[in-house]
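Notes to accompany the following structure.
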Amino acid sequence: MILKKLTKNRLITIIYFQNGLLKTCKGRVYKLNYFNQTINVINEKQNAISIRLSSIKEIH
């Protein structure tokens, strides 16, 4: 239920780990994949980013 609320068309900030480094992504969620446990985000530069749910540290 909490993840479905993220799919609303609003700008969010995700702080996550990738290859041992802490990264930040600002954008809009356009797809949740429960089977692969990923969240797909389109960032401010219109690039698509796929983030594993287990690597997310914070969502604002």
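Start at 1 with the first residue, then count along the sequence.
Taken from CD1 in Ile56 to OG1 in Thr38, the straight-line distance is 9.5 Å, to the nearest 0.5 Å. We find the CD1-CD1 distance between Ile59 and Ile39 to be 5.5 Å, quoted to the nearest 0.5 Å.
Of all non-hydrogen atoms in Cys25 and Ile49, the two that sit nearest each other are SG-CD1, 3.7 Å.
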When the side chains of residues 29-37 are checked against the rest of the protein, which donor-acceptor pairs come out under 3.5 Å, sequence neighbours left out?
residue, atom, partner, partner atom, Å
Asn33, OD1, Phe35, N, 3.1
Asn33, OD1, Asn36, N, 3.1

Just list the side-chain donor-acceptor pairs under 3.5 Å for residues 11-24, sequence neighbours left out, or say none.
residue, atom, partner, partner atom, Å
Gln18, OE1, Lys23, NZ, 3.1

